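Here the structure comes first, spelled out in structure tokens, and everything after it is commentary.
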Amino acid sequence: MQALTDWLENPGEGAQIFAVSGIGGIGKTTLLTNMAAEARLSAVRVLWVDGQICLHTPKDLLDYLEMSLETEYGRTRAADETLFGHVAAELCRERTVVLLDNCEALGRIEGWLLAQLLPRLRNAPLLLVMASRTGLPLHWYTDQVWSPRIRSFSLELFTREQVYAYLQDSGLPEQVQQDIARKSEGHPLLLALTTDLMRREGADQVERAGQLPRILSAELLREAADPFMYDALELLSLFPAADQTMLNRLLKRPLNAAEYTALGQMSCVRVVPGGLALHQVVSRILREDYKQRHPGEYSKMRRLALKLLIGQYPAADRLRQMQYATHALELYREQMPAAHRYVDFSGIHGQEQRQSFRAEDLPYLHRFLEVSLSRSDWQSELVEAGAHHRLLDDIAKNSPMSILVTRDAYGIPLAFSAGLWLHEGTLPLLERYAPFYLDVLGKETKHLRTLSPEAADTMCLLLAAVNVEQSYYRPEELGAALFQSWMIETTNGLRAIIATEDQQLHMLLPLSGFQAIEPQHSKRQLPGMVVWELDLRQASFEVWVERVIQQSFPQEKQPAAIPPLSWEEARSLLQHLYDDAHLLAQPAFAAAGINGAEIRELLQGLLSAGQPPSPLTELEQQILRESYLRKNYGKAQLADAFHMSRTTFYRHTRLALEHLGQVLAGEMKARAKGVPQPVDLSELQ
């Protein structure tokens, strides 16, 4: 718009071209509409041309321009004047802005434009705004005459700041605005439709919510006229990038070379080293639409696509391996409802990517850390009290590569995580600031003290904090970005260790392939603290992916009669809440086809629900929650806290466990009736 204003104030010499491009729904037509209004306010003649109608032949375009000149400005063609001469003379006669929308079919007449029409308009006071999904072809930019006259404007997704600017006058509550900002991912059409949807009430809102993916996929893919091409795009959405061979292994009819080339020329597709890649937002919308229309086929193709990626992973370079890991997490994110706040990776994208630490970041990171400590949140539990800021300074000085920073579109830090790659130079820091980790490492500590920095393969996460003072991103969104990047780093044959009291992470980490480990010798009790490890130093990427999938899809079992669990069995489950092998050994859970992470989520949910299910009472729920989840006090202290003798407290505890066993049996019976199909990676040939 500023470029248009500049032209209106100083048109310069000769005709100029603005080339506007962007994926479907990004706002090209809306932009051209505003440009038309701005030009008319300046008393400049404006002609609007719809390329879907006028670009079939040169005559179509000339007829359309002649009609617009006559109906809008009263300029008629003389009887002895040719159509071409009339249009060319009119465009040279006075200042004119021609807005040519939907230029996808430009190739049909571009030879005539470059050879016949535009040479006649070289010195005209004309601005030609050409909008299309893919932009002008490359040879326009190598043309000696027109190349200096072209300005390109590639429309991008809105930043989070721009999204909130759009929402501020919507009249919606702040919480709803935050939801829209996260879900729309900066895509203008998705933002507009979702905002409109949220303003509605009742059943219509629910119905339209289900229609959004289909509405958007239709708009985004209007250029994919061939249904077969749409099928290819759907499958492409299942890959971070795919070449012709990979797509053809899944397509019912293989793509030929010409079709593959045409696929790569679509506005939502870009050519990358691994083949073709879909625009991030388009990819997600297509997957949602695909899953709604054909859930069974979608699930099967998703697993097949992942199997192909597993085969390519060992030979891929580090960057592509990270892309594969990112994509695997994204594909199976929807299967991780237990900790949804931490696995919504869609909010941080594009310009807001994680980057290496820079010295000028340190004041921001200290401020985030100070606020985090005051709120007792995020990842800082194991660092010695009062030592957090000194630790951050020492990490920045001795191991800056251990700090990763998420930034906004302007490069300002939003969040960070910091740990230590364990070797001879960092073990003294670990010993000084977080000695509990030495208990976790046990005898391995001796070996690590002799390890060179180049040989380090284990990372302990020590600090993480986000900027909670800004209003554009929710803390959990930034936390999800931290977690995602940390996970991806680990998939490169490394080991990650994290100790945390966060109940959400206790549910999420096993879903992501982590396993709970016991400190080899512990010098102090840390109630609620669990140490999690993901060790991929010997395991392959395939092993990790299988863990994620098998955690996400429980195995099929036939429904069976499920007796109530005894109080001893219920107690044992709570005592071994983070031991998957022990949890899965319970026959009732095996009958229901439920996995370890789901058992954990179920138990934690039952003991944390606002209204416990009968026959479990609120008092019994509170006793079990304090005894087995929080574990801040011993039995005698708990008895005093509940104003009971120890004998009475034990009697109430046993009754609570009996009632919990009855509730669990009912839950398992209900789940055993509708267990989903099993996932067997061996079938993916």
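Keep in mind that this is a model prediction, so the values were computed, not measured.
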### Query
For Glu454 and His423, what are the C-alpha separation, side-chain angles and deciding distance, and is it a side-chain hydrogen bond (donor to acceptor under 3.5 Å, both in side chains)?
CA-CA 9 Å; Glu454 294 76 20; His423 53 76; over 6 Å; no
### Summary
Rounding to 0.5 Å, atoms OG1 (Thr653) and OH (Tyr628) come to a distance of 6.5 Å
### Asp361 side chain to Phe357 backbone, donor-acceptor under 3.5 Å
no
### Query
Any side-chain heavy atom of Val663 sitting closer than 4.5 Å to one from Pro615?
yes
### Query
Taking C-beta and beyond as the side chain, do Ser417 and Leu463 meet within less than 4.5 Å on heavy atoms?
no
### Message
Quick check: do Glu424 and Pro453 have side-chain heavy atoms less than 4.5 Å from each other?
### Response
yes
### Any side-chain donor near an acceptor of the partner, Tyr433 and Asp394, under 3.5 Å
yes
### Query
Are any of the side-chain heavy atoms of His366 and Asp393 separated by less than 4.5 Å?
yes
#### Entry: Residues Arg367, Glu469: salt bridge by 4.0 Å N-O rule
yes
### Message
Rounded to the nearest 0.5 Å, what separates atom CG in Leu365 from atom CD1 in Ile395?
### Response
10.5 Å
### Presence of salt bridge, Glu384 and Arg390, under 4.0 angstrom
no
### Query
Do Leu427 and Leu438 have side chains that get closer than 4.5 Å, going by heavy atoms?
yes
### Task
Might you work through the salt bridge (Lys or Arg N to Asp or Glu O under 4.0 Å) test for Glu444 and Arg495, ending with a clear yes or no?
CA-CA 13 Å; Glu444 188 182 358; Arg495 176 173 63 161; 2.6 Å; yes
### Query
Does a side-chain N-to-carboxylate-O contact under 4.0 Å join Asp408 and Arg160?
no
### Message
Counting C-beta onward and ignoring hydrogens, is there a side-chain heavy-atom pair between Leu451 and Leu422 closer than 4.5 Å?
### Response
no
### Task
Please lay out, stage by stage, how Ser299 and Arg303 fare under the test side-chain hydrogen bond (donor to acceptor under 3.5 Å, both in side chains).
CA-CA 6 Å; Ser299 181; Arg303 298 198 302 271; 2.9 Å; yes
### Message
So that I can tick it off, tell me whether Arg625 and Glu618 are bridged by a salt bridge, with the cut-off set at under 4.0 angstrom between side-chain N and carboxylate O.
### Response
no
### Query
Do Leu629 and Leu603 come within less than 4.5 Å of each other through their side chains, counting heavy atoms only?
no
## Note on the structure
Separation between CG (Leu414) and OH (Tyr364), nearest 0.5 Å, reads 10.5 Å
### Message
Could you check whether any side-chain heavy atom of Phe416 comes within less than 4.5 Å of a side-chain heavy atom of Val466, counting everything from C-beta outward?
### Response
no
